[in-house]
Structure formats: structure tokens, C-alpha cells
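All remarks here apply to the structure that follows.
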Amino acid sequence: MGNAQAVEPKNTTVSDKVSMDELVALCKRRGFIFSASEIYGGINGFWDFGPLGVLLKNNLRDRWWNDMVIAPPIGPDGEPLQIMGVDSSIIQNPKAWVASGHVDTFNDPMVDCKLTKLRYRQDHLVAVVDERNGQIFAFYQEALEDKGTLKKLKKQAGTDELEKLKVIPFTAIPASDYGKVIGPDTDQKGTLTEPRKFNLMFKTYVGATATEDDIAYLRPETAQGIFLNYKNIVDNMRVRVPFGIAQVGKAFRNEVTPRNFIYRSREFEQMEMEWFCHPDEAKKWFEFWTDARKKWWEAVGVSPANLQLRPHDKDELSHYAKAGVGTVDVEYRFPFTAPGFGELEGIAHRCDFDLTQHEKHSGKKMEYFDDSVQPPRRFIPHVIEPAAGLTRGVLALLAEAYTADPSRPSQMYMKFKPSMAPVKAAVLPLLNKDGLPEIAQKLYYSMRTKFMTEYDAKGNIGKRYARHDEIGTPFCITIDTDTPKDQAVTIRFRDTMAQERVALDKIETFVQTALKE
RNA sequence: GCGGGUGUAGCUCAAUGGUAGAGUGCUAGCCUUCCAAGCUAGCUAUGCGGGUUCGAUUCCCGUCACCCGCUCCA
């Protein structure tokens, strides 16, 4: 996820209007998202989707699946792309996570400064050793290029001849020598704690014996389940490179600090697609997918003003992406990052890292033989990966939709794009008598087979409109006392509160047409 | 994991070392001819655990959760 960047909003955005407190309160009050195990006091970093939340999440997920697997985009050459779906197991052979690098690199040893309460990643620090007296200074690598740091170092070491000091990785300093270490933000010795590991993968045990030999991991990303099936797809599914494999599913990370509602939770859902191509074409496809993915977020209702593409800095790139054409994040201006942005999706060139690793560890050939060109060639495909956060996408849609409007009873409404709205239409008899409920129910039974519809006869009509504003229902259809006579109903539009009279037998088609826009 | 803050009905907010009250919401009924109208009845709370005390929602300790900052984030 991106560094929050100080970008001035060009115009009024949703992020200026909604506070997270208001959004979280609405999500609970209207049944979008609840804290997990709430009656037991909750559990840090886990959330439950309520009736409205799961409808919204499924709408976003289904749209992604449709636009990736059912009807993938037309490629840059005008040819339709080939993408297939899988649904792999959450638990795999633990060797898969050794091969992918997660067992080793999902450990981040940290040291704390007891004095300043600051925390540092051990492997991001360097040790400056004064061999004359054994004194050790710890600094961030990049801080050594800072004049102030160098000045402090000269002063503390009591010499101007810094070249006499030896710079080595801090990881090379044994914990028993920490007593001689002066931390980055203090001038006292011995304030750093021993490094502590934070393993970000959830462990579990397979089988009943639960010994160390039975350890397995909950997947920290869905991507590996795709690489593990790459060979099955190539061998059995009559595909040619380039092609893609897509998957939606849960992933688990034991985050040090879950924060910001569902933005960083320990159990979350990803929508990932791995695009396999020839190494020479990686750049072309990277650019294609970057563009396609940003447009997709706009298509589901995220305003371009709240979206940005942010290329990763070189030192920010993942281990697998260092040699590639790079990584770009699609970022959204979340309420808690505004005026900066936070990651919604990452498009990464993973090179051939994963397939090569699995080839090494499994002993199975991952090479692809391409005889569609002359001369025929063998290669391990490179991968372009658009990896989106479904959970984060839901949060973006919620934040984007929240619209204050003091002129209406609800004071606000959820301006979902109609196709994403949890409830598409509500059927409301104006009165609970005079045959109105009978007409309304008949319409409701018909409409609910086509799209999510609610029947609501409780309270007066104003209260019902207000509730549907709060859950973002784009269309309310009211059956009134004229309906039995003129066979027409009133449709009320969420965003404008305007009303229109439509024939009873045309209303369903009317809504269906409106949902496509 | 560290530091600071918070924790009373679904929500917003009162009160108190002596058994918690309002508004709103919700439920049922009446009523109701298009934007939270009205009437009647009803439901719902001191996060959890321990201590001090005759008695704790109130004071103390612990814990859990949330918020802010740090840290981290394939």
C-alpha cells in the first residue's frame, strides 16, 4: 500500500465529506459490516459482512469475475483474451510456501528502542562499527546519506575520519553486543531490544496429532494457488500463452496492526489474476493491464478524482519484482488517507520468479513450448499480476457512495452505482389496504426473480424512502390508490428524489434498463 | 508490540459509592393518499474478569475491543 502522499484534492470529494466514524456507524446500523464475534467483545482484525454487506461484496466480486473470466477484455491486438478461473485450496502443501518465499520472508525481525519507544526493522538497519573501541551505531541505510546524521555520527564517534568506521548489516550484530549499540534516535547505549520475529502467516495443524511435522499455513495470498495449478491448466485446458488464470478467495495475514476498519484486516478477500506471457511481451501486457484495471474501478463507480496510479519506487519493489518492468498500485483516496491515497490493487510484473521457484522445489518442469512462432521456442512464462483487494474494494465503494444531503430526512444517502447497489429496487404499497399490498406483492414476486428487490410496507412512505436512501436502493416503486385504476406506479429515483409515472407492466423492464447504465 | 485516549439501550447522550434516565430506533396494533406525521402498548444497556467496600456502572488492577500516534504492510 502506498505512502500517503500529500496531494491536494482538486475538487470536493467524498473523502472530505465522510468520516470513518460515520461510515462505520452506518455500516453497523444498516447491516453492512459488523465486528466479528461482537457478543464476546470482538476480535482484533476480523469483520463479518451483514445482509447488505454480503450483497455489495458479491456484486463487486461477480462483476470482477464476469469481466475477467466470463467476458475478458479485448486485447491490444483486437483479439479476445483467454482467462480461466480456479478455486484452489486455502491450505496447501507447506513446501509451496517455502518455494514462494513466504516462510522465509514473511518473517520481519523487529527491534524496539526502550528509550524512544520507536521500532525498527532489523534488516533495514546498518551498523556503523568503531573498531577502535567496539562502539556500534545503528542507522537506517538511507540516513547515512543525510548530513545531520553524519554530523551526529562524527560527534558521537569523536572523529571526523568516518572512513575509519566499518559499515556492516545490522543483522550481523549478535544480540549479546546490543549493549554497545547506540540506536538511531538516541545517544545512549543499550536501549535496543533483541530482535523479535513477526510471522505474518497463520499456522495450523493438519491431522489429529498436531505435532511440529503437521504444520500447515493458511494462504497469505491467493496467487500461489494459481501458480500451483499452472501446469494443470497448460497440460489439460488447450490454452496458448499468453493466457490468464483468475481466482477470488480469502487470504490470511497476521498483521502486526490491523487498522482502519476493514482496510487492513487479518482475514480478507482477494481477486487475483495471473497473466502468463513471453518475457519480451511483459512490458506491453503490464501497460495493458494497468490501464484496464484503472478503468474497471471507474466502471464500478469509483470516481477518477479519487483514483490514482502510483508506480513503486525501486527500493519498494518486492523480491520477485526487482528485475521486472515494475509495479503500479491503483490507489483510492480513502477517508483515512485523504488527501493521500491507499492501495486498492497492485499490478506487478512478477517475472518468472514463482514458476521458477516451484520448478526448483517441486522438480516439475514449468517450461512452455511455443511452436506458434518460427523457430519454436521454450521459455518459462513471465507473469503480470493484477491483484485487487475485494475487501478494500467494498470499503472504497462504501466511502465513495456516502453522500451527505441535509435536505433529506436521512441527512445522507448511499450513491452506489445502481449495478453495485445491494438492493436494486424496493416495492412499496403506499397504504396497507384497498388492495394495494396485493398488487405490490405480485410485482415484488416477479421482480425478485430478476434482481435483488425488497418489499416494504412498514411505516409511512417517507420513512421507507429514508431507509432506502441509507442503504442506497436506487429505485423505489410505489403502488398508490390510483394504481388499481390506471395500472401505473410511481418510480422514485434515489439521487434526485424525482418521481415518474410508469405503466405497471413496463416497470420491470424500465428498472432493468436503468440498471445497465 | 509500544505510548496516549475511549468503553452506559441498535444509535446519540444523561446520572450516581446505595439497584440506571431521555431522545431516537425497533416490535405489535390503530392510523396514514408520496419523503423519518400522530396515538397506544412493549423491548433493549453500565465490554469482560478480579480487587477494595455492607454495597461498585462509579475507585483500583487486569483483560478485550475500538480510535489516534509509532512500527509494519508481496
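All values reported here derive from a predicted model rather than from experimental measurement. Labels below follow one simple rule: chain letters A, B, ... track the order of the sequence lines, proteins then strands, and each chain is numbered from 1.
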Query raised in the report: When rounded to the nearest Å, what value does the distance between C1' atoms of B/A14 and B/G21 take?
Result: 7 Å

Q. Between the side-chain atoms of A/R492 and the base atoms of B/C35, is any donor-acceptor pair under 3.5 Å?
A. yes

Checking N1-N3 plus N6-O4 or O6-N4 for Watson-Crick, or N1-O2 and O6-N3 for wobble, each under 3.5 Å, the partner of B/U63 is B/G47

Using Watson-Crick geometry (N1-N3 plus N6-O4 or O6-N4) or G-U wobble (N1-O2, O6-N3), each under 3.5 Å, B/C11 is paired with B/G23

Per atom distances to the A/P409 side chain, the nearest of B/A36, B/U33, B/C34 is B/A36

Between B/C64 and A/Y40, counting only base atoms on the nucleotide and side-chain atoms on the residue, is there a donor-acceptor pair under 3.5 Å? no

Paired to B/U52 by Watson-Crick or G-U wobble criteria (both distances under 3.5 Å) is none

Per nearest nucleotide of RNA chain B, the residue lying toward the 5' end, A/A25 or A/I461, is A/A25

Practice problem: Remember a base hit wins even if backbone is also touched, and classify A/R494 as base, sugar-phosphate or nothing at under 4.0 Å, heavy atoms. | Solution: nothing

* Asked: Does A/R464 get its side chain close enough to the base of B/C34, under 3.5 Å, for a donor-acceptor pair?
  -> no

Fill in: NZ or CZ of A/R293 within 45° of A/W296 ring axis and under 6.0 Å
yes

(Q) Measuring only the P atom in each nucleotide, how far is B/U46 from B/U58? A whole number of Å is fine. (A) 12 Å

Which of B/C34, B/U32, B/U71 is nearest the side chain of A/T257? It is B/U71

Quick one: the side chain of A/R30 and the base of B/G10, do they pair up donor-acceptor inside 3.5 Å? no

Whole-Å distance, A/N432 CG to B/U33 P, equals 13 Å

In whole angstroms, the gap separating P of B/U24 from NZ of A/K463 amounts to 10 Å

- Query: With respect to the phosphate group of B/G10, does any side-chain polar atom (N or O) of A/K28 fall under 4.0 Å of OP1 or OP2?
  - Reply: no

query: Quick one: are the ring centres of A/F261 and A/Y263 less than 6.0 Å apart?
result: no

